[in-house]
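Shown next, in structure tokens, is the structure this report addresses.
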Amino acid sequence: MSTSNSRIYFDNAATTALDAEVLDAMMPYLTDKFGNPSSIYSYGRESRLAIENARKSVAKILNAHPAEIFFTSGGTESSNTAITASVRDLGCTQIITSPIEHHATLHTVEHLACRGEATLNYVQLLSDGHVDLDHLEQLLSEHDGKTLVTLMHANNEVGNLLDLHAVGEMCKKYGAIFHSDTVQTVGHYPLDLRAAPVHFISAASHKFHGPKGVGILYINENVKIKPMINGGSQERNMRAGTENLYGIVGFAKALELATARFASDSAYIRDLKMYMKDQVAQAIPEVTFNGDVDGRSLYTVLSVSFPKTEKSEMILFNLDIQNICVSGGSACTSGADQGSHVIRAINHNPNQVTVRFSFSRYNTKEEVDQVVSKLKDMI
Ligand SMILES: Cc1ncc(COP(=O)(O)O)c(C=O)c1O
């Protein structure tokens with residue numbers, strides 16, 4: 001999206017622009033309809049109805065039961081809750097994850113392992129960055145107790161997509177609990193939770209043109225966990241605290257719009273990504289692409305590695321000066337010096353500099369042309 005000062009925003013995996021229609025749907029709940037959803041008079045009932053309608057709409061789109069949808073503050077809270085509850089409430093004594101998960105997952109499992117609450121095993125990755133399913137099965141079969149498998153549906157830095165069904169079926173075979181961080185895929189792919197063998201999924205609406213600070217945790221109806229936050233009786237006694245009313249309304253609206261637009265938006269964005277890939281490869285033949293870019297890959301994310309030179313080491317800085325917003329890995333690590341744990345795990349070439357370009361329906365091929373031409377000058 002080019003804004004008035006001609007900024008080019010190619011960092012849609014970090015967050016997306018709020019859709020004007022979503023804001024319209026939220027506005028009444030930021031102004032007139034301010035009642036506390038727990039109040040019994042009409043103002044309160046109006047707010048309660050908005051929340052329950054949002055829950056029904058989200059559940060219908062994901063083919064889940066409304067009672068399986070819990071509104072949270074976003075992906076981080078949802079993943080923390082699912083992982084911690086699997087160990088503390090569901091008796092999981094082993095956690096299997098991958099080295100390329102988001103920190104919301106990695107730091108939570110490391111915390112539990114450090115406290116001795118579960119053993120932690122990392123599944124190996126194949127050369128294209130996909131999870132090695134044979135190794136996953138080996139880890140599952142070697143453990144006597146109950147296991148939690150937590151693997152993301154799509155990687156936010158390189159875009160690799162997990163085969164949710166294959167992993168879910170394997171978890172079923174070994175009686176394991178399966179949580180998937182679907183933060184990069186909810187709102188970008190249709191998900192059918194009746195058919196998908198998952199116990200928990202996490203999502204956040206700011207990744208699909210909804211508001212920040214609101215997400216969902218899907219908990220399969222056969223899974224019973226203890227309250228995530230203690231206090232009042234909100235979210236059916238599971239997550240206390242006055243609900244983020246306008247956020248919840250915005251989440252549902254954003255998901256409705258994303259679902260209605262899925263066919264056209266996904267085709268448009270996939271085309272942009274592949275156009276950028278071809279243009280960069282033509283302009284700078286030394287580049288390489290991280291992950292399974294031509295295979296099972298998120299259509300919004302393109303991870304490009306440039307040969308390390310004095311110039312390319314300044315690339316993020318120079319793109320920023322040119323008003324081009326991109327990320328060196330994930331947003332959560334940009335600004336820190338450590339670089340990306342994902343790129344370190346799958347790209348073993350230390351003489352490269354990696355940039356993540358991520359797209360939305362607001363981007364255009366003209367913007368791609370401008371960015372590629374700037375990149376060519378910079379490199
Ligand atoms: C894959 C993934 N998981 C989790 C998160 C965290 O979500 P939130 O910022 O809503 O807490 C993000 C956002 O950066 C993400 O990309």
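For reference, positions follow the sequence shown, starting with 1. Whatever order the structure lists them in is the order used to number ligands and atoms, beginning at 1.
- For Lys311, the side-chain contact (heavy atoms from CB on, under 4.5 Å) partners two or more places apart in sequence, or in a different chain, are Thr309.
- In this structure, Glu77 has no heavy atom closer than 4.0 Å to ligand 1.
- Taking every heavy atom of Ala204 and a limit of under 4.0 angstrom, the matching atoms of ligand 1 come to 10 (O).
- Of the candidates Asp181, Thr72, Thr15, the one placing a heavy atom closest to atom 4 (C) of ligand 1 is Asp181.
- Nearest heavy atoms, Ala54 versus Ile248: CB-CG2, 3.7 Å.
- Here is the list of ligand 1 atoms found below 4.0 Å of a heavy atom in Met152: 1 (C).
- Taking the ring centre of Phe289 as origin, the terminal cationic atom of Lys277 falls inside the region bounded by 6.0 Å and 45° from the ring axis.
- The N/O atoms of Ser73, backbone and side chain alike, include none that comes under 3.5 Å of an N/O atom in ligand 1.
- When each atom of ligand 1 is checked for a heavy atom of Thr76 under 4.0 Å away, the hits are 6 (C), 7 (O), 8 (P), 11 (O).
- Between Phe10 and Tyr362, the distance from one ring center to the other does not fall under 6.0 angstrom.
- By the 4.0 Å heavy-atom criterion, Glu101 is excluded from the residues contacting ligand 1.
- Residue-ligand proximity, Asn156 to ligand 1, at heavy-atom distances under 4.0 Å covers atoms 1 (C), 16 (O).
- Aromatic ring orientation, Phe34 versus Tyr43: tilted (interplanar angle from 30° to 60°).
- Less than 4.0 angstrom separates some heavy atom of Gly74 from each of these atoms of ligand 1: 10 (O).
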- Item | ring-ring contact (aromatic ring centres under 6.0 Å, His included) between Tyr218 and Phe70, intermediate numbers included | CA-CA 6 Å; Tyr218 158 85; Phe70 295 87; 9.3 Å; no
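- Between Gly75 and ligand 1, at least one pair of N/O atoms sits closer than 3.5 Å.
- Using a 4.0 Å cut-off between charged side-chain N and carboxylate O, Arg261 and Glu256 make no salt bridge.
- Electrostatic pairing of Asp24 and Lys253 does not count as a salt bridge here, judged by no charged N lying under 4.0 Å from a carboxylate O.
- Those atoms of ligand 1 with a heavy atom of Lys207 less than 4.0 angstrom away are 12 (C), 13 (C), 14 (O), 16 (O).
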